[in-house]
Each structure stands twice: as C-alpha cells, then as structure tokens.
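The model shown is predicted, which means the values in this text are computed figures rather than measured ones.
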Amino acid sequence: MAEVVQPETRKLAAIMFTDMVDFSRQMGVDEAHTLRLLALHNQVIEHAVATHQGHVIKTAGDGFLIEFPSVVHAVQCAQSIQTHFHT
C-alpha cells in the first residue's frame with residue numbers, strides 16, 4: 001500500500017517586535033509613573049494590532065512579538081503606533 005503524502009502547508013507572515021525605549025532606566029527613576037506609561041503603551045499596541053489584523057504571539061515586560069498576515073498590515077500598524085506616541 002502506498003503512503004499518502006500530505007502537501008506542505010506554508011504561511012506568509014510579517015513579524016514585528018516592539019519595546020519601550022529605556023524602560024529599565026525609567027523603572028529605576030520612577031516605577032509608579034513608568035508602570036502607568038506601560039499600561040497606556042500596552043493599550044495602544046493592543047488596539048493597533050487588532051485594528052490591523054495582527055495577532056500577539058507573546059509579550060515580555062515592555063515588549064510585544066506580533067504576527068501580521070502581510071507586510072502592509074505590519075507597516076500600517078507600526079505607523080499608527082508611532083503616530084500615537086509622537087503626538
């Protein structure tokens with residue numbers, strides 16, 4: 001009997017990693033304030049990821065590892081996040 005070979009499944013994705021600049025230093029200077037900023041940071045990231053069809057793979061402290069179905073979605077998400085934090 002011949003073995004049935006399943007076709008290989010491939011998936012294209014764009015991966016983005018975010019993190020707060022100087023998070024550890026900021027924690028040393030003013031932990032309470034930095035934790036409030038982290039909560040805001042996380043809300044902004046999570047909203048932008050959902051809006052741009054992303055999926056959070058993992059979080060670690062102040063960092064997010066995110067997967068998107070295309071580069072376009074990832075770039076638009078990054079632009080949205082940067083715009084929010086620069087205004």
### Message
Can you list, by chain and residue number, the hydrophobic cluster partners of Ile57 when the side-chain cut-off is 4.5 Å?
### Response
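ILVMFWY cluster around Ile57 also holds Ile15, Phe17, Leu65.
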## Note on the structure
Under a side-chain separation threshold of 4.5 Å, the hydrophobic residues clustered together with Met20 are Phe23, Met27, Leu35, Leu37, Leu38
### Counterpart residues, side chain to side chain donor-acceptor pair (under 3.5 Å), relative to Glu8 (two or more places apart)
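Glu8 satisfies side chain to side chain donor-acceptor pair (under 3.5 Å) with Arg10 only.
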### Message
For Glu31, give me all partners under salt bridge (Lys or Arg N to Asp or Glu O under 4.0 Å), at least two apart in sequence or on another chain.
### Response
none
### Query
With sequence neighbours excluded, what pairs up with Asp22 under the salt bridge (Lys or Arg N to Asp or Glu O under 4.0 Å) test?
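Result, salt bridge (Lys or Arg N to Asp or Glu O under 4.0 Å) vs Asp22: Arg25.
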Sequence neighbours excluded and cut-off under 3.5 Å, please list the side-chain donor-acceptor pairs for residues 66-73, or say none.
from	atom 1	to	atom 2	distance (Å)
Glu67	OE2	Lys11	NZ	3.1
Ser70	OG	Val72	N	3.4
Ser70	OG	His73	N	3.2
Ser70	OG	His73	ND1	2.6
His73	NE2	Gln53	OE1	3.3

### Message
Test: salt bridge (Lys or Arg N to Asp or Glu O under 4.0 Å). Region: residues 38-64. Which pairs qualify, not counting sequence neighbours?
### Response
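Matches after skipping sequence neighbours: none remain.
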### Query
Under the side chain to side chain contact (heavy atoms under 4.5 Å, CB included) test, which residues partner Thr51, sequence neighbours left out?
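Thr51 satisfies side chain to side chain contact (heavy atoms under 4.5 Å, CB included) with His47 once adjacent residues are dropped.
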### Query
Got a sec, which residues hit side chain to side chain contact (heavy atoms under 4.5 Å, CB included) with Ala32, two or more places apart in sequence or on another chain?
Asp30, Arg36
#### Entry: For His52 against Cys77, the heavy-atom pair lying closest together
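Closest heavy-atom pair between His52 and Cys77: CD2-CA, 3.5 Å.
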Do the side chain of [X] and the main chain of [Y] share a donor and acceptor less than 3.5 angstrom apart?
| X | Y | result |
| --- | --- | --- |
| Thr59 | Phe64 | no |
| Gln26 | His33 | no |
| His86 | Gln82 | yes |

### Flag side-chain contact, heavy atom, 4.5 Å: Ile81 against Met16
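Touching, per the 4.5 Å side-chain cut-off.
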### Query
Can you tell me how far the CZ atom of Phe85 sits from the CG atom of Leu40, to the nearest 0.5 Å?
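If I round to the nearest 0.5 Å, the distance is 5.5 Å.
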